[in-house]
Amino acid sequence: MSQAATLSQDAPAIVLDRVNKWYGSMHVLRDVSLTVEARERVVVCGPSGSGKSTMIRCINRLETHQEGRIVVDGTELTDDLRALDTIRREVGMVFQSFNLFPHLTVLENCTLAPIWVRKTPKAEAEDQAMDYLRRVKIPEQAKKYPGQLSGGQQQRVAIARALCMKPKIMLFDEPTSALDPEMIKEVLDTMIELAESGMTMVCVTHEMGFARRVADRVVFMDRGEIVESNSPHEMFENPQTDRLKLFLSQILRGH
Amino acid sequence: MSQSAAAAIVAAAPSRDRPPAGVVGPVAWLRANLFNSWWSTAVTLLLGYLIIRWGLSFIAWAVLNATWSVPVNELGQPDATICRTASPAGACWAVLGDKWRFILFGSFPYEQQWRPALCVLLFIGLYVVSGMRRFWRRELLLIWVAALTAIGVLMWGGVLGLDYVPQDQWGGLPITLILATFGLAFAFPLSVLVALGRRSTNLPAVKVICVLYVELIRGVPLISLLFMASVMFPLFMPVGMNPDKLLRAQIAFILFAAAYLAEVVRGGLQALPKGQYEAADALGLSYWQKTGLIILPQALRLVIPPLVNTFIGFFKDTSLVLIIGIFDLLTTGRIASSEPAWQGFANEIYLMLGVIYFVFCFAMSKYSRGLEREFSRARNR
Ligand SMILES: Nc1ncnc2c1ncn2[C@@H]1O[C@H](COP(=O)(O)OP(=O)(O)O)[C@@H](O)[C@H]1O
Ligand SMILES: [Mg+2]
C-alpha cells in the first residue's frame, strides 16, 4: 500500500488548531488542538460522549466546526466547496456501523466512488477493487450483497471501499464496537496491516492491544477536551490525570 | 460422513423430514383457519351461505337469464323491449354490443376508431416494456418519447395522411390513459424533486416553496383544482393564448398527484439511516450523485407499496374530469347509459367500466408486489 507515501513528508497531514464546536448551547469540542504528521498513527480514546466522533468527523467535514482552524493535507476546511471535494477524496472514513450501501454488491460498493468521483474507467476500477478485496481477504464475496455478509466481513468491505479511493489519510470511528467478539480480530488484523503499510491513520477505538501495537501516539479526550496525549506505553503505564486513571480502570474492568 | 451413511440416516428417520400428519394439507388448513371454534365455524357457514347465494343469483342474472342481442326496429334503432319485459330479469348485454365502441372511444369518428384503439395498445405496450427491468436503461426514455409522439399523431392526425380530429371529439379509454400516464409520468419526477426540496437544509427558500406547494395542494379537493383549471385559469391568460381543456385538466392533475406522491417519497427519504448519507459524503460523492446513486434507489424501494397505492388512486381519480366535461371512460359510459334506447341498463355498462378499471389497477398491484419480492430477494435481508 504505497499510496500513503505520497503525502509530503514534512508538512503535517492534519492540523487542528484550537477548534471549538457547539451543538446548540452544548459545548462539545473545547479548544481542541492536534497535529498528525504524515504516516503517523494516532489512536483516540475517551469515555462515551467525550466528543471523539465529533472531532474525527470534523476532519472530513461531516460536521462543521465553529471556531478555530482545521487544515488537512495543506488545505484549510472552509465553506469553499472545492476545498471540501479535495479533502473528501484524500480522506477515507470507516464507520462504527459500516454504512455499506445495501442495494449494491460488494464490488459495486467499492467501485462506485472511484468511477463517479475519480472518473476511473469501470474495468480499471473493478481491477483495483478486487485488489483491495484480496487485501482484506474477501475477494470471493465480491458479487454478494452486504446483507449476506457477517459483520466482520462487512467492516472489511467498508475498509476496502474507503481504500479504493486511494486516500492519503484514513479515519476510523470505533470500527470494532458494533462487532461480535469473534469478529473483532479479523478487522483489527486488517487495520494493523494497513498501519504497517505506512497509512496515516486517526483511529477512535478502545482496543488497547491495537493501540499498543500500532499507535505512535494515543490521545485521551474527556468532556470535549484533549486531556492527555502521549505514547501508548507512557499513556497506559503512567497516566498523569485522575480522569485518565479512572477511564483506564473502567475499560480494563470492562475487558 | 459418506454419502451412503447420510442417506441411511435420512431413510431411518423419515418422520423428522416433515411435520406430523394433520398439521399440513388442505384439511388441516381448513380446520385451523375456518373451523377452529364453534363461533368461527358459525361465521364460516354463514358467510359461505351468503357468498354462494349471492354468487348463484349473480350467475343467474349475468348468464342464465341474460339477453345477448335485441332486434332492430323499423328506424334502425335497437329495441330493448325484450330486455325490459324479460322475466325473470337478467342482464341485457346487448347494450354493450351496441355501445362498446362509443364507451371505449367516445365520439371519435367511427371509421377512424382504429387510431385510438392503436393508442390503447401502444399505452399497454409502453407499460409492459417499462415494467421489465431489462429495459431500465437510458433508452427507455427514448421509447417513451417515441410512443407518446406516436400516440399524439394517431389521436390528432393532420399529418401522414391521417384526418385531423379535434380534441373535443376524443373520448373514452384513450383519454383515461392519457390523463393517467402523462399525469403520473410528470407527477412522479416532480414529486421526487419536491420531496428532496422539502428536506433541503441549505436552501431554505426552496424548502419553503416545497412545503407551501404540498400543503396548499393537499388542502384542496381535486375537483376544485379541476374547476379552477377549467374556469378560472383562462381568465388569467392573455386572449388567444388558451391551452385546451384537456391540457389544463392534465396540468391540474399533475400538480395534485405530485403533491401526494412527494409526501410518499419523503417518507422513504426519512426512513433511510443517516449513515447512508454520511458514507456517500465521506466518499466525496456530489449531492446529485449521492441522491441518484445511493439515496433514491433505496428510498423508492422502501415506498413501493404506498407509491403504487397512490398510483392506483390517481388512475381512478382521472374519472373526476367528468365534471368539467372531458369525455373520459366514465363519462362516455354515463352518456351511453342515459341514451333513451338503452335507458335502464346502466348496471351492465358500469360493470364493464369496473372490469376495465379493475384490470389496470390489479395489474399495477400485482406488478408492485412482484417488484418488492424481487428487490428483497436481491438484498437477502
Ligand atoms: N447531532 C448532534 N446533535 C446534538 N448533540 C450531539 C450530536 N452529535 C453528538 N452530540 C453530542 O455531542 C457530544 C459528543 O458526542 P460524540 O462526539 O458522539 O461523542 P463520542 O464519540 O466520544 O461518544 C455528546 O454529548 C453527544 O450527545
Ligand atoms: Mg462516537
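By convention in this document, chain letters (A, B, ...) are assigned in the order of the sequence lines, proteins followed by strands, and residues within each chain are numbered from 1.
Of the listed residues (Leu100(A), Leu104(A), Val91(A), Leu171(A)), the one with the most heavy-atom contacts under 4.5 Å to chain B is Leu100(A).
Looking only at side-chain heavy atoms (C-beta outward), Leu112(A) and Leu285(B) come within less than 4.5 Å of each other. Residues Asn99(A) and Tyr277(B) have side chains not in contact (no heavy-atom distance under 4.5 Å, counting atoms from C-beta outward).
In this structure, the portions of Gln276(B) lying under 4.5 Å from any heavy atom of chain A include both its backbone and its side chain. Residue contact with chain B, scored on non-hydrogen atoms closer than 4.5 Å, is absent for Arg61(A). Of the two parts of Phe95(A), only the side chain, counted from C-beta on, holds a non-hydrogen atom closer than 4.5 Å to a non-hydrogen atom of chain B.
Between Met93(A) and Ala282(B) the shortest heavy-atom distance is CB-CB, 4.1 Å. Pairing each heavy atom of Gln289(B) with each of Val117(A), the nearest pair is OE1-CG2, 4.1 Å.
Remark: side-chain polar atoms of His103(A) are paired, donor with acceptor, to backbone N or O of Leu293(B) under 3.5 angstrom.
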Could you go step by step and tell me if Leu283(B) and Phe101(A) meet the side-chain contact (heavy atoms from CB on, under 4.5 Å) rule? CA-CA 12 Å; Leu283(B) 285 169; Phe101(A) 305 130; 3.9 Å; yes
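Remark: Leu212(B) CG is packed, more than 12 non-hydrogen atoms of other residues, nucleotides or ligands lying under 6.0 Å away. The environment of Phe186(B) atom CZ is sparse: at most 12 non-hydrogen atoms of other residues, nucleotides or ligands sit within 6.0 angstrom.
Ile294(B) contributes atom CD1, which lies 10.5 Å from atom CH2 of Trp116(A) (distance to the nearest 0.5 angstrom). To the nearest 0.5 angstrom, Leu84(A) atom CG is 11.5 Å from Ser286(B) atom OG.
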